[in-house]
Structures are given as structure tokens and as C-alpha cells.
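All chains are named by letter (A, B, ...) in the order of the sequence lines, taking the proteins before the strands, and each is independently numbered beginning at 1.
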Amino acid sequence: MNTSNCGVCGEPADSVHFGAHSCRACAAFFRRRVVSGKLNPKCRCAGRCETHNQLLRRLCPSCRYEKCVHIGMKTCAVMSRVVPKSELETSPWREKSLLEQIKVAYGKLVNARNEVFKKKTRVPKRANYIAFNETVSIDIVLMKQHLSEFFQSITSVTEEQKAILGANFLVPYALVDGAYRSQDSELFLMVNGDYFDRRDMDSFYQDSGDNDRKTAENLKTLMAPYFALNYQMLRKHVKEVHLDESEFLFICALIFWDFGILNQTEECIRICKQMRSRIFEEFTNYEKLKTPSADYSMRVGEIVMILQGVQKAVFLIEESRDVFLAYGLCDKSNILSEMSVAK
Amino acid sequence: MRIPKTNSKCAICLEDGDGFHFGAEACKACAAFFRRSISQKKHYACRGNGDCDVTINIRCMCRSCRFSKCLQVGMNPMGVQLKKESPKSPIPDLTPSIPTSSSSSSNPTRRSLLLLDLPESFNDSMPLLTRMRTNWQKLANARLVIHKNEGQSMFEERVSRAIDYKECINQGMKDVALTSDWISWCFEDFVKLPIDQKSALFRNFYTPYYMLEGAFMSHLNNRADAVFFPSGDYIDMNQLELFYKTIDFKQPLEKEQIDEIFKPSFLMHQRILIKPMMAENVDIFEYFSLTAYLLWDTTLEETSEECSRTGKQVKDQVMRELSFYMKNVKKIEEPGIRIAAIVNLLPAVFKSARRIQDDLEITKVFNIYKASEEFYDMVNGKFC
């Protein structure tokens with residue numbers, strides 16, 4: 001969906017007006033209609049007149065208005081009085097949509113990753129578990145810096161609550177991030193460009209140096225099943241649904257603004273619910289515009305269901321960490337050690 | 001001049017409509033045509049290009065295009081089968097038989113809102129959800145019999161009370177069979193599955209469903225501080241010592257100690273499931289949808305390709321019916337938003353189920369008290 005064009009007539013859109021991308025002409029049209037309060041003559045055709053260019057948009061004002069509403073313009077955003085500039089700066093309809101803001105933050109994460117892992121010049125190769133853990137530990141720092149911090153910055157709760165939300169976010173995010181990146185491949189694609197094959201755990205649990213061969217063997221026996229399960233519960237589902245970048249980011253937002261976390265205050269739960277409602281609204285509008293045919297709400301439901309798989313995959317990580325601890329296998333910090341959130 | 005029956009128009013032939021049939025606005029003629037086509041398993045072939053006009057006077061000219069149009073506007077074959085099975089059974093009033101607790105008598109509107117009946121004309125547009133509703137009544141009746149108090153007549157109205165641990169387990173064991181019966185009544189596709197697939201799905205389903213149902217009952221009874229059981233009995237979170245009194249602890253425990261050990265889990269359940277359900281004001285059809293999503297889990301190791309495919313079909317069907325329900329019964333302009341909020345409750349169901357399983361594990365490991373092996377297996381999905 002090209003968001004720099006007017007959603008009504010297709011002309012270049014200069015910005016968001018009244019809640020939707022549109023050109024100045026259509027925005028002015030919308031404002032005039034709302035302010036005057038007069039009802040235009042009804043459409044003489046079937047109500048589906050085309051408005052997609054500069055000339056056609058003038059032919060049927062009724063359909064043009066309908067289109068304005070359809071793409072998301074809100075009548076409440078039209079003011080019937082002149083507003084002082086200070087108030088204008090903070091009006092909600094002036095704010096960029098949540099998705100746009102999240103995209104910017106995610107873009108920064110992608111750039112940071114490209115730089116740190118030198119992805120432009122790197123040749124992808126098969127990785128083993130040690131390389132995997134190292135990559136993940138580095139990536140966690142980047143994720144915290146660019147994504148967690150961003151979410152925290154736009155959530156109006158105490159510092160303590162922000163920390164709780166941030167801690168709760170990391171593992172599920174990492175899981176769905178990997179699933180999304182790998183959704184077009186049978187292999188698991190790592191953030192630095194390397195890869196491994198869950199069906200070939202022998203290669204994955206091979207030591208490159210002169211480390212204890214036994215350790216690798218033990219790890220493989222214990223951990224290999226979890227990779228298979230992770231694929232079953234989460235990756236497969238993501239593959240089938242096939243997310244685009246916006247849908248992926250919507251899910252990430254829902255993961256961050258979770259409810260029912262340990263030590264989350266009532267206030268925080270309330271704020272998260274508010275943010276989730278906004279996300280649901282933007283998400284539904286996004287899907288509606290993406291596929292204007294009837295069943296976009298099915299896709300919305302389908303995608304939100306991925307969170308079920310994410311939750312199960314998180315349980316798997318917790319379980320595997322317990323197994324780790326039980327067998328006294330404490331290797332270098334990896335994603336499992338981030339599970340410092342006590343039960 | 002013909003006086004139009006309703007404001008709607010048939011989406012297929014543009015005649016005056018007769019309301020919803022099989023999921024789309026249609027006139028009686030097109031509805032009947034669709035029903036005949038499905039039940040007589042007709043196959044049509046267009047003699048033209050597959051784009052014949054279908055309007056009032058010429059709708060009979062090309063049956064193939066008329067049928068295609070029926071499907072196009074959203075008619076669903078599933079609704080046809082159901083109508084044949086139970087032609088005239090009205091949906092009985094559910095309210096009296098559902099176990100009540102004393103505090104809910106002050107909220108009759110809430111309960112009736114949640115347990116609403118659909119106008120009959122919607123039945124064939126929501127076949128699966130309607131079926132679940134009808135069978136839930138059967139389930140409620142069966143539970144009355146199974147869970148009747150000692151010495152109480154079957155016809156005497158059951159009084160809910162705070163039960164203890166032993167009774168809870170007892171009831172739980174009895175209820176498994178009833179729940180599996182209900183599932184079989186609701187889902188033909190489930191019955192048709194090979195036995196190992198059935199077991200795999202049900203094992204994975206039971207404990208999460210138990211949490212979902214409990215939370216829904218708490219919501220129905222408007223008691224965020226109590227966990228309700230299928231029998232109508234409950235655990236009061238502020239009086240946990242009543243629940244745990246019959247346990248043979250290694251050391252006798254004071255109320256404060258009991259609260260310290262056990263209350264956090266109950267509070268978590270309240271926080272992540274009961275309160276959100278109350279905040280969203282989940283109604284019975286939305287609850288059924290969640291049930292279906294829990295049952296037809298296509299991410300399990302043991303499910304066959306066939307089972308996964310069936311599962312996806314059923315879930316799609318439920319989603320479609322839910323969407324229809326939101327738009328046309330609840331009159332929600334933008335159903336996507338509410339659907340997302342409802343589906344968003346599912347991870348919380350798993351968290352809650354997981355918590356119970358972990359707690360039970362801890363009590364076993366630390367030898368706090370002894371639970372029967374049977375119960376332990378059931379909670380962990382190791383039965384059937």
C-alpha cells in the first residue's frame with residue numbers, strides 16, 4: 001500500500017489529514033463537508049463511483065465523502081474553531097500512527113544490525129551452537145537499545161513498570177523475530193546472515209575448537225527436541241500465515257503491551273490495554289485497506305492467533321532452561337539467561 | 001405493488017430480501033435454491049462464459065452462475081446440513097439450569113446478556129456456534145445429575161458452595177468425560193478423527209479449557225475473587241484455608257502461610273484471565289469460539305496432516321461465524337477489532353494452565369502434600 005498517495009484520489013499525499021493520508025484538495029473537501037453539515041445529494045449510481053484521479057473525484061461528492069471516511073478520516077478531527085498553535089502540537093490526530101513510529105524504530109534496529117554484523121559484505125555460512133549463542137547475545141543488546149527502549153519511551157508508566165515490560169518483551173520478541181526472518185526458508189536464518197538446519201542437529205552441535213566433545217553431545221541430546229518443537233509450534237504457523245513487515249510489527253507491539261505480567265501495576269495494565277486497543281484499531285484498518293474484500297477480519301484473527309504459538313514457544317525456552325540448570329550445563333550467556341523473570 | 005418484507009435485498013438476485021440465510025442476505029427463492037443444490041449434491045455447468053447475469057427475472061436461466069453467486073456473496077454450505085438434522089427444535093432457555101451463586105441474583109441482566117439466544121433466522125448462518133450453544137444446555141443438564149450433592153434429589157435446585165480440595169478433584173475427574181462428550185456432540189469432524197488424533201487434541205485441550213471455563217464462570221457470576229467449577233461450586237480466594245483444609249499437609253499450616261504459598265497463583269489467574277474477560281465482557285458465543293480455537297490446535301507434534309487440515313477448516317469456519325455474529329447480532333461496525341481482542345485472550349489461557357501444572361509439580365517435588373496420581377496425570381494431559 002503506497003502511503004504517500006492520497007487514499008481518495010491517488011494524487012500525491014502531502015501528509016496525514018484528519019487521520020488518513022490524503023492530498024490537500026480532498027482534505028479540504030472533507031473539512032468543508034463536515035463543517036457545513038449539509039448532506040450532499042445522494043449518489044445517482046450504485047454508490048461505488050470511482051474517485052481515483054483528479055477529475056473523477058469531482059463527479060460524485062457523495063462517493064468521495066464515503067471514500068474519505070473509508071480510508072480513516074475522522075469527523076471529530078475537524079475543528080469548527082481556530083485552535084491556538086500550542087494545542088495543535090499535541091492534538092491526537094496530528095500524531096503519526098503507532099505503526100509509523102514503530103517502523104522508524106525497527107528501521108534503526110535493522111541499520112544497527114547491518115553495521116554490527118557487517119551484513120553487506122558478509123558471506124552467509126552454516127553456524128554452530130556457540131556462534132549462535134554469541135550472535136544472540138549481541139543482538140539482545142541491539143534489540144534493547146533500539147526496540148525495547150522505543151516502546152518504553154512511548155508508554156506512560158513508571159520507570160519500574162517500563163523495566164518490567166521490557167524484560168517480558170525480550171524472549172517472545174526474539175522468538176517471533178527469528179520466525180519472521182526465516183519464514184521463507186526451511187532453514188533458520190540468524191540475525192547476522194548465517195543459518196542452521198534444525199533437521200541437522202549434528203552439525204549444529206559440533207565444536208569448532210578443542211572443547212569437550214562430550215559437552216556438545218550432551219547439549220545435542222537435551223536440546224535438539226526443542227528446536228523441532230519450536231518449529232512445530234511457532235515457525236510453521238508463521239510460515240503459513242506469512243507476515244509482511246507491518247503485520248510483524250503489530251505482533252511485536254502486542255507482545256510488548258502485554259497484560260498479566262508479574263508485578264505489573266493496575267495502572268500499567270490499564271495503559272497497556274489502551275495501547276493494545278490502538279494497535280487493534282490500526283491493525284484492522286491496515287488489513288482493511290490491504291484487502292478491501294470482505295474477510296480482512298479473518299486475517300486479523302489469524303495473525304493474533306500467532307501469539308498463542310509465541311506463548312507456547314516461550315514455555316519451551318523456560319523448560320529448556322530448567323533442563324539446562326538441572327543438568328548443570330551453564331554455558332555462556334545466551335537467550336535463556338535473559339529469562340530472569342521469576343515465575 | 002409489492003410491499004417489501006424487510007429492508008434488505010437479496011445479494012444474489014436483488015429481489016426483496018428475507019433476511020439472512022446461510023450467512024448472506026437472500027430472498028427465499030435463492031435460499032431454497034442453495035439448500036437444494038447442497039443437499040442434492042448438484043453440480044452445474046455454465047453454457048456461456050461463467051458470467052451470466054443473475055437478477056430477479058433471469059435467475060433461473062443459469063444455475064451454475066446463480067450457485068457461484070451464492071457462494072460469492074458468502075453463503076456457507078455448512079448451514080445446510082444442520083438444518084436437516086434438527087428442523088424444529090427451539091433453543092431452550094438456558095438461565096434456570098446454570099448453577100448460580102447468591103451474588104449473581106442481583107445481576108440478572110448481566111447473565112441474560114451473556115447467555116443470549118439468537119433469533120432463529122440466524123441459526124443457519126452460524127451453524128457451528130448454534131450447535132455448541134444447544135449442546136451446552138445438554139451439558140449443563142448432565143452436570144446437574146453428575147454433580148448432585150449427596151442425598152439431594154435430582155430435581156432439587158443445587159446450591160453452590162465453597163468446596164475443598166478433595167471434592168474439587170473428585171468433580172474434576174467426573175467432569176472430564178462430560179466435557180469430551182460435549183466436544184463430540186459439537187464437532188462432527190472431531191468424532192470422525194482416528195482415536196489417536198482425538199486423544200492428542202483432547203489431552204492438549206483439557207487443562208487450558210478448564211481454566212477458560214472457570215474464568216468464564218467467574219465472569220458470569222461477576223465474582224473476580226472466586227474460581228468457579230462446572231458444578232457451580234467455587235473456591236473463594238479470600239478464604240483459601242477452606243479449600244485446602246482437607247489436605248494432609250506434612251505440617252499443619254496457618255491461614256497466613258496458606259495464603260503465602262497458594263494465593264499468588266490464584267491472583268495471577270484473576271489478573272490474566274478473569275479480569276480481562278470481565279473487562280471485554282465476553283459473551284457466550286465468543287466463549288465458544290475460544291473453545292474451538294483451543295481444541296483445534298494444529299501445532300501439536302502428534303497431529304497428522306489430515307487433522308491439521310481439518311483443524312484449520314474448523315477454525316476458519318468459526319472465525320467466519322464469529323465475524324458474522326459480531327456484525328449482524330452485536331451490530332459492531334468494525335468486528336476485526338473485537339475479534340483481535342478476544343483472540344488475544346488465548347495466550348493468557350495457556351499461561352494460566354501452565355501455572356497450575358507448575359504448581360502441582362512444585363507440590364510434588366517439595367512434598368508439600370500428596371495429590372492422587374490420576375489427578376496429576378489429568379492436569380498434565382496424560383490421560384486417555
Side-chain angles (χ1 to χ4, degrees), chain A residues 46 172 225 228-237 240 250-251 254-255 257-264 266 269-270 273 276-288 293-315 318-319 322 343, chain B residues 24 72-74 204 208 264-265 267-276 279-280 289 293-294 297-303 308 312 315-316 318-320 322-324 326-327 332 334-355 357-359 361-362:
Chain A
L229 282 174
N230 172 279
Y231 181 80
Q232 190 78 26
M233 287 185 185
L234 179 59
R235 280 194 58 204
K236 204 164 123 194
H237 192 178
E240 281 165 7
F250 278 128
I251 293 208
L254 289 176
I255 291 176
W257 288 306
D258 196 4
F259 54 94
I261 310 171
L262 190 65
N263 297 326
Q264 202 181 9
E266 287 297 328
I269 292 179
R270 194 180 62 81
K273 185 167 179 6
R276 279 205 316 280
S277 297
R278 283 176 66 184
I279 290 288
F280 287 145
E281 209 179 301
E282 285 190 25
F283 192 4
T284 312
N285 282 331
Y286 174 80
E287 291 295 336
K288 195 162 156 184
S293 71
D295 280 334
Y296 58 88
S297 44
M298 295 228 351
R299 178 130 178 109
V300 171
E302 201 180 25
I303 293 180
V304 178
M305 283 232 244
I306 290 180
L307 291 175
Q308 218 182 341
V310 173
Q311 184 60 60
K312 284 188 169 184
V314 168
F315 286 150
E318 287 180 20
E319 221 179 83
D322 292 341
K343 273 190 253 202
Chain B
Q72 215 179 13
V73 301
N204 173 66
S265 300
L267 289 178
M268 190 230 204
H269 179 70
Q270 178 190 71
R271 198 174 62 227
I272 68 174
L273 209 41
I274 302 182
K275 284 204 171 147
E280 285 297 339
S289 308
Y293 298 142
L294 281 180
D297 193 335
T298 48
T299 63
L300 301 174
E301 257 185 310
E302 311 100 321
T303 46
S308 293
K312 184 157 190 340
K315 285 198 283 200
D316 282 346
V318 171
M319 184 74 80
R320 242 177 272 135
L322 189 61
S323 206
F324 174 88
M326 300 250 185
K327 273 210 199 103
I332 296 177
E334 203 43 90
I337 301 180
R338 187 161 171 88
I339 289 183
I342 299 285
V343 175
N344 199 209
L345 290 170
L346 285 171
V349 175
F350 283 107
K351 275 198 210 160
S352 212
R354 188 61 166 220
R355 184 61 179 245
Q357 288 167 340
D358 286 345
D359 282 353
E361 189 70 38
I362 291 178

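Of the two parts of B:L300, the backbone and the side chain both hold a non-hydrogen atom closer than 4.5 Å to a non-hydrogen atom of chain A. Contacts between B:I339 and chain A at a heavy-atom distance below 4.5 Å involve the side chain alone, from C-beta outward. If you measure heavy-atom distances from B:R338 to chain A, you find no contacts under 4.5 Å at all. With a threshold of 4.5 angstrom between heavy atoms, B:A348 approaches chain A through side-chain atoms but not through N, CA, C or O. Proximity to chain B is absent for every atom of A:I279, based on heavy atoms less than 4.5 angstrom apart. With a threshold of 4.5 angstrom between heavy atoms, A:R276 approaches chain B through side-chain atoms but not through N, CA, C or O.
For the set B:S323, B:A341, B:P335, the count of heavy-atom pairs under 4.5 angstrom toward chain A peaks at B:A341. Listed options B:G74, B:G336, B:P276, B:A340 were ranked by heavy-atom pairs under 4.5 angstrom with chain A; first place goes to B:A340.
Remark: B:R271 does not engage A:E266 in a salt bridge, criterion side-chain N to carboxylate O under 4.0 Å.
Closest approach of B:E280 and A:K273 over heavy atoms only: OE2-NZ, 3.1 Å.
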Kindly list each side-chain donor-acceptor pair under 3.5 angstrom involving residues 302-314 of chain A, sequence neighbours excluded, with atom names and distances?
| unit_1 | atom_1 | unit_2 | atom_2 | d |
| --- | --- | --- | --- | --- |
| A:K312 | NZ | B:D297 | OD2 | 2.3 |

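With contacts defined as side-chain heavy-atom distances shorter than 4.5 Å, the pair B:R354/A:E319 qualifies. Side chains of B:T299 and A:K236 form no contact here, defined as non-hydrogen atoms less than 4.5 Å apart. A:M298 places none of its side-chain heavy atoms less than 4.5 Å from the side chain of B:K315.
Note that CG of B:N344 is 4.0 Å distant from CZ of A:F280, once rounded to the nearest 0.5 Å. For the atom pair NZ (B:K351) and CG (A:D258), the distance works out to 4.0 Å, reported to the nearest 0.5 Å.
In terms of the salt bridge (Lys or Arg N to Asp or Glu O under 4.0 Å) criterion, residue partners of A:K288 (sequence neighbours excluded) are, by chain and number, B:E334.
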